[in-house]
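Quick notes on the structure that follows.
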Amino acid sequence: RKLEIQYAELLRECKDLDAGRRVHAQVVAAGGYCRTRFIANLLVDMYGRCGSLDDARRVFDGIQQLNVFSCNLLLSAYVRSRRIQEAKRVFDGLTHRDVVTWTTMMRAYAMVGDLQQARGVFDRMPERNLVSWVSLVATYAQAGELQSAKDVFDGMPEEVRSTAAACNAMMTGYAKSGCLDEAKLLFDSMTDKDLVSWNVMLGGFVDNACLDAAMQVFRWMPARDLVSWNTVLQAYGDCGRFQDAKFIFSCMPAWD
RNA sequence: CGGCUAAUUU
């Protein structure tokens, strides 16, 4: 039991196929853990993240009692590798689809820029939650389809629209379309700003060549993570200010 | 029983 959780952590740490296979072998050598669905699901996930879809499929096919996690993990594996046709085949073959299944399929089409199909999946979803709504706004926002993003945002249930995640996605849409005033207005109206909200404003100013405003945000933000630092580092590098970039780099804390 | 899957920012 406790051992299972330790193997789970090991499997999540695998970042390449070699490491993944080693841990897989270790799990096999340790006993019958591969036969527990929990570990098998994590193996599907691990192989999917490492891009070995054949291995993911092989483990999946060996699972005795598939559950919704198993199926969603396999679907995610194909989507992550942009194997949309195969993902669709998996999706169509599933008998139990939950909101995660549907949202994953929607993201698959969004990933390859097929906004019509993504929207079609969203419209057919039997149930929606925060993640599915935010995904759709983000899809339009990233594509620069500001009006569609706004329409979806405005059509959200109030309890969804008032979340930081929804506002962050909408702010990204404004910023990507050059509407920094609108982004700032929404930002200022938020009562539950999180670090992502600050990063969106930071990146919005950078994208629109307002480096001074970006640096003001950077100084004012209550916390900075790797994304915040990388955004500033990249911004300085992109405009040739290598001394500033070097200085920022030297100020960066170490993570892990 | 829970623990494993989808989202918003670089």
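First the proteins, then the strands, lettered A, B, ... as listed; each starts at 1. Computed from a predicted structure; not experimentally measured.
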(Q) Can you identify which nucleotide, out of B:U5, B:G2, B:U10, has its nearest atom closest to the A:V227 side chain? (A) B:U10
(Q) Below the 4.0 Å mark, does B:U5 have OP1 or OP2 next to a side-chain nitrogen or oxygen of A:R12? (A) no
Q.
Which nucleotide wins on minimum distance to the side chain of A:V99, given the candidates B:U10, B:A6, B:G3?
A. B:A6
Q: Would you kindly give the CG-to-P distance between A:D192 and B:U9, to the nearest whole Å?
A: 17 Å
Q.
Expressed as a whole number of angstroms, how long is the span from A:K193:NZ to B:U9:P?
A. 19 Å
(Q) Ring centroids only, cut at 6.0 angstrom: are A:W229 and A:F218 within range, meaning strictly under it? (A) yes
Q.
At 4.0 Å (heavy atoms only), tell me whether A:K176 reaches a base, stays on the sugar-phosphate, or touches nothing.
A. sugar-phosphate
Q. How long is the span from the SG atom in A:C14 to the CZ atom in A:R21, to the nearest 0.5 Å?
A. 11.5 Å
Q) Of all the nucleotides listed (B:A6, B:C4, B:U9), which has the minimum atom distance to the side chain of A:L42? A) B:C4
Q) Would you say the side chain of A:N129 and the base of B:A7 hold a donor-acceptor pair, judged only by whether the two atoms sit under 3.5 Å apart? A) no
Q.
Taking side chain to side chain donor-acceptor pair (under 3.5 Å) as the cut-off, I'd like each qualifying pair that reaches into residues 117-132 of chain A, sequence neighbours left out, listed once.
A. A:R119-A:D123, A:R119-A:Y140, A:N129-A:S132
Q | Length of the line joining A:Y78:OH and B:U5:C1', which is rounded to integer Å | A | 16 Å
Q: Scan A:Q142 against the nucleic acid and name what it touches under 4.0 Å (heavy atoms): base, sugar-phosphate only, or nothing.
A: sugar-phosphate
Q | Nearest to side-chain heavy atoms of A:E4, which nucleotide of B:A6, B:G3, B:C4 | A | B:G3
Q: Write down the distance between OH (A:Y140) and C1' (B:A7), rounded to a whole number of angstrom.
A: 16 Å
**Q.** Touch class at under 4.0 angstrom, heavy-atom based, for A:T103 against every strand present
**A.** base
Q: Whole angstrom is fine here: how far is it from CZ in A:F69 over to P in B:C4?
A: 7 Å
Q.
Within the structure provided, determine whether A:L195 and A:R224 are in side-chain contact (heavy-atom separation under 4.5 Å).
A. no
Q. Salt bridge or not for A:R58 and A:D54, using N-O below 4.0 Å?
A. no
Q) To the side chain of A:T104, which of B:A6, B:U8, B:U5 is closest? A) B:A6
Q. Out of B:U8, B:G3, B:U9, which nucleotide sits closest to the side chain of A:F38?
A. B:G3
Q.
Quick check for you: among B:A7, B:U10, B:U5, whose closest atom lies nearest to any side-chain atom of A:L73?
A. B:U5
Q: Identify whether any heavy atom of A:A169 sits under 4.0 Å from a base atom; if not, whether one sits that close to sugar-phosphate; answer base, sugar-phosphate or nothing.
A: sugar-phosphate
Q: To the nearest Å, give me how far apart CE (A:M105) and P (B:U5) are.
A: 20 Å
Q. Taking CE from A:M156 and C1' from B:U8, how many angstroms apart are they, rounded to a whole number?
A. 9 Å
Q. Looking across every strand, which nucleic acid part, if any, lies under 4.0 Å from A:A138 by heavy atom: base, sugar-phosphate, or nothing?
A. sugar-phosphate
**Q.** Whole angstrom value for the distance that separates P of B:A6 from CE of A:M111
**A.** 13 Å
Q.
Using the six-membered base ring of B:A7, report whether A:W133 stacks on it, requiring centroids under 5.5 Å and planes under 30° apart.
A. no
(Q) Do the side chains of A:R89 and A:E86 get close enough for a salt bridge, i.e. N-O under 4.0 angstrom? (A) no
